[in-house]
Number of protein chains: 2
Amino acid sequence: MNVTHIELRHLRLLQAVTEAGGLTAAAERLHLTQSAVSHQLKALEDALGLPLIERATRPLGLTAAGRRLLTLAHAALPQVDAALRDLAKLKDGDAGELRIAVECHTCYDWLMPAMDSYRDVWPGVELDLLGGFQADPVGLLLDGRADLVITSETVPRAGVAYAPLFGFEMLALLPPDHPLAAKKWLLPADFAGHTLITYPVPEDRLDLIRRVLAPAGIKPARREAQLTVAILQLVASRRGLAALPAWAVAPYLERGYIAARRIGKHGLWAELHVAVREADTARAYVADFIETVKRDSFARLPGIRPAIIAP
Amino acid sequence: MNVTHIELRHLRLLQAVTEAGGLTAAAERLHLTQSAVSHQLKALEDALGLPLIERATRPLGLTAAGRRLLTLAHAALPQVDAALRDLAKLKDGDAGELRIAVECHTCYDWLMPAMDSYRDVWPGVELDLLGGFQADPVGLLLDGRADLVITSETVPRAGVAYAPLFGFEMLALLPPDHPLAAKKWLLPADFAGHTLITYPVPEDRLDLIRRVLAPAGIKPARREAQLTVAILQLVASRRGLAALPAWAVAPYLERGYIAARRIGKHGLWAELHVAVREADTARAYVADFIETVKRDSFARLPGIRPAIIAP
DNA sequence: TGTTTATATGAATGTTACTCATATCGAGCT
DNA sequence: AGCTCGATATGAGTAACATTCATATAAACA
């Protein structure tokens, strides 16, 4: 067959496979099963009469044909997305207001750049970032004091809709020469007798305490710090241990400033979600903000994975 | 639904609809039913939440959304086609030889420009045009003296494959002030007593005689001319009538040099097909030549329509 | 050499895109 | 008006295809 029946779906697939570095990971991102991805890729290769990926090599490589098709994907898909955005603007208008409340301290790291790329595309949308700690950020939506909340909880609430952003791993931080650094991963007991350095938030907002230490009956001393760099500095100077998202510490790890270890064998994973008023889910500039953040995050943040928990 | 599930199929559809100037004509080009086109367009409009075409206006117009999506189609589809061509070259190589025999005299008008655009894309393919009249052009394929034949016949022959190009209308030509010009279309009897000016080919190769005049028992005198302009000039100077493809006379009609009338109420339609050796149908540079000619013809030639006769 | 992780495959299922048959609509005619 | 013709719309049935589930195979790691 020569009149090849290629579709955007195939381009998105190839892009996801190369970006995710494998079929299984691509499947997660596309919200498909691994089987579907394998079948679809094979069907595409059969239709073209050419293999697209190098099997049995890790990390997965592309064939010349695969690279050519990926080039097409990189050229064509952004055009398609831009057109869809323009259509959305035609439909709903291109102006609006987005007051954003953020629950997690480290989120500013990726939120700022994401907001920048969003602003390029929706210049008519007024972006505001709400500062300060909020006891009940989702409540701000219903108060009308915020339009969008980035949160780790998805407690169902009338009139509020949640959309998953991504899952990320919390890593335990310790000085590079600390005795515990010899272990591949830390167990709850390893934290006993150490001070825990955290952001100034209640204990039930700290995943490490709520999901790991408290169930094991361990209650370490706490010391609070406002800024990520302050926490890192306290850890490096042996004042205690901390737990931060993997993406937030990646740059410091590279420089050997501190060490990071998994919490439990499979790691401690948390998720971020976006909450908006249900009435706003249909607004194009709202939906596209969520899309932008997600795309930006997966492109920029190391070690994140698609969210698993149903919103 | 905001995560719009747009596909290349939709872009090709919109492009076909605007180029063909209607759903029915687009359906023919896409080898679909009119129903399929209508359903698909509606599905797309529903998914986007925006109408794409102005219903109930002739000629059919696009909405702002339709124009934006068409812009996308014009940008993206050529990129896709180029990528597919590159993949075809990767698969089969990019060199070959294409000796082309042409049965119809007027075909050179569109074949030359089509060959030019083809050459841009397949510089490695050696193009040759076989000159002179051939009694049995398709036989040249099996002799190995030609690789591709443009013909109006599709007589099944072992080892030969046919692909349809397009259908076109033969128009009767007459001087603008001729009495017959008063009629909207001509009947076989109208040709009686007039000289028929034709290319120098046997009678059974002339559609007007074989399919219209001979069945009606009319045998007009004939006069032959080699060149299209010579035929036109003879008609204009009242030496007789002629019949030529609509596209070949369109430029002269505009200038009022001659007049043209339908032959029969629904017109006399003929078709052109491409014949190649069956073994060559799988060659990418052969298949793409046929595609190029078809695309080029539909873009350039007025009054042609997809072929109907099964090859 | 088992153990884990990633990919492939066959059969069953669900979801679409498509066709067929028919209805509706609008423009041009008498 | 009413009629006819060409074009588009629509509903129901079908065919084609994408996806899942369950399982096999293969590669990587200790």
Side-chain angles (χ1 to χ4, degrees), chain A residues 1 3-14 16-47 51-63 66 183-185 262 264-267 303 305-306, chain B residues 1 3-14 16-47 51-63 66 184-185 262 265-267 269 303 305-306 308:
Chain A
M1 153 150 25
V3 177
T4 307
H5 189 199
I6 192 176
E7 286 293 351
L8 292 177
R9 170 164 24 102
H10 300 300
L11 299 184
R12 296 197 196 278
L13 178 86
L14 187 66
V17 167
T18 53
E19 279 179 11
L23 306 209
T24 308
E28 280 185 340
R29 276 209 213 183
L30 298 169
H31 305 293
L32 290 175
T33 58
Q34 173 270 325
S35 178
V37 173
S38 177
H39 278 295
Q40 194 172 109
L41 184 64
K42 186 168 175 348
L44 179 58
E45 289 180 322
D46 287 354
L52 295 173
I53 68 172
E54 312 263 10
R55 318 272 151 167
T57 65
R58 213 137 317 267
L60 166 150
L62 291 181
T63 63
K183 306 189 67 170
K184 285 197 87 165
W185 64 79
R262 295 211 127 167
K265 181 168 184 189
H266 301 289
R305 69 182 190 195
Chain B
M1 164 168 3
V3 175
T4 306
H5 190 195
I6 192 177
E7 286 292 350
L8 292 176
R9 171 165 20 102
H10 300 301
L11 298 184
R12 296 196 197 278
L13 179 87
L14 187 67
V17 167
T18 53
E19 279 180 11
L23 306 209
T24 308
E28 282 185 336
R29 277 209 213 181
L30 298 169
H31 305 295
L32 290 176
T33 58
Q34 173 270 324
S35 178
V37 172
S38 177
H39 277 296
Q40 194 172 112
L41 184 64
K42 185 165 175 352
L44 179 58
E45 288 180 323
D46 288 353
L52 295 173
I53 68 173
E54 312 264 11
R55 318 270 150 166
T57 66
R58 213 138 315 269
L60 165 148
L62 291 182
T63 63
K184 286 194 85 161
W185 64 79
R262 294 211 128 169
K265 181 169 184 187
H266 301 289
W269 288 81
R305 69 183 190 194
I308 294 165

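The sequence lines fix the lettering, A, B, ..., with proteins before strands; numbering per chain opens at 1.
The phosphate of dA9(D) (OP1 or OP2) has a side-chain N or O of R55(B) nearer than 4.0 angstrom.
Annotation for I6(B) and L8(A): closest pair O-CD1, 3.6 Å, computed over non-hydrogen atoms. Nearest heavy-atom pair across A26(A) and A20(A) is N-CB, 3.5 Å.
Atom pair D46(A):CG and dC17(D):C1' shows a separation of 14 Å (rounding to whole Å applied). As a whole-Å value, the separation of K265(A) NZ from dT5(C) C1' is 12 Å. Look at CD on E54(A): it is 18 Å from C1' on dA8(C), rounded to the nearest Å. The CG-P distance, from L60(A) to dT7(C), rounds to 7 Å in whole Å. If you measure from atom NE2 of H10(A) to atom P of dC17(D), you get 11 Å, rounded to the nearest angstrom. Spacing between atom CZ of R9(B) and atom C1' of dT15(C) amounts to 12 Å, rounded to whole angstrom units. When the P atom of dC18(C) is taken as reference, atom CZ of R12(B) falls 13 Å away, rounded to whole Å.
Note that the CZ atom of R305(B) and the CH2 atom of W269(B) stand 4.5 Å from one another [nearest 0.5 Å]. With values rounded to the nearest 0.5 angstrom, S35(B) atom OG is found 10.5 Å from L23(B) atom CG. Atom CD1 of I53(A) is separated from atom CG of L60(A) by 4.5 Å, given to the nearest 0.5 angstrom. Note that CG of L13(A) is 9.5 Å distant from CG of L52(A), once rounded to the nearest 0.5 Å.
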Practice task
List the steps, then state whether side-chain contact (heavy atoms from CB on, under 4.5 Å) holds for L62(A) with V17(A).
Solution key: CA-CA 10 Å; L62(A) 291 181; V17(A) 167; 5.9 Å; no
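Within residues 21-32 of chain A, the residues approaching DNA chain D are L32(A), by heavy-atom distance under 4.0 Å. For DNA chain D, the residues of residues 35-44 of chain A within the heavy-atom distance limit of 4.0 Å (strictly under) are S35(A), A36(A), H39(A), Q40(A), sorted by number.
By the side-chain contact (heavy atoms from CB on, under 4.5 Å) test, K42(A) is found to be paired with D46(A), residues two or more places apart in sequence or in another chain being considered. R9(A) is linked by a side-chain contact (heavy atoms from CB on, under 4.5 Å) to E7(A), Q40(A), E7(B), R9(B), counting only residues two or more places apart in sequence or in another chain.
With hydrogens and angles left out, the side chain of Q34(A) and the base of dA8(C) share a donor-acceptor pair within 3.5 Å.
Applying the side chain to side chain donor-acceptor pair (under 3.5 Å) test to every pair with at least one member in residues 17-34 of chain B, sequence neighbours left out, gives these pairs: E19(B)-R29(B).
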Fill in the blank from the handout: Each nucleotide of nucleotides 25-30 of chain D classed B (base within 4.0 Å of a protein heavy atom), S (only sugar-phosphate) or -, in 5' to 3' order, makes ------
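The backbone N or O of E54(A) sits nowhere less than 3.5 Å from a side-chain atom of T63(A) that would complete a donor-acceptor pair.
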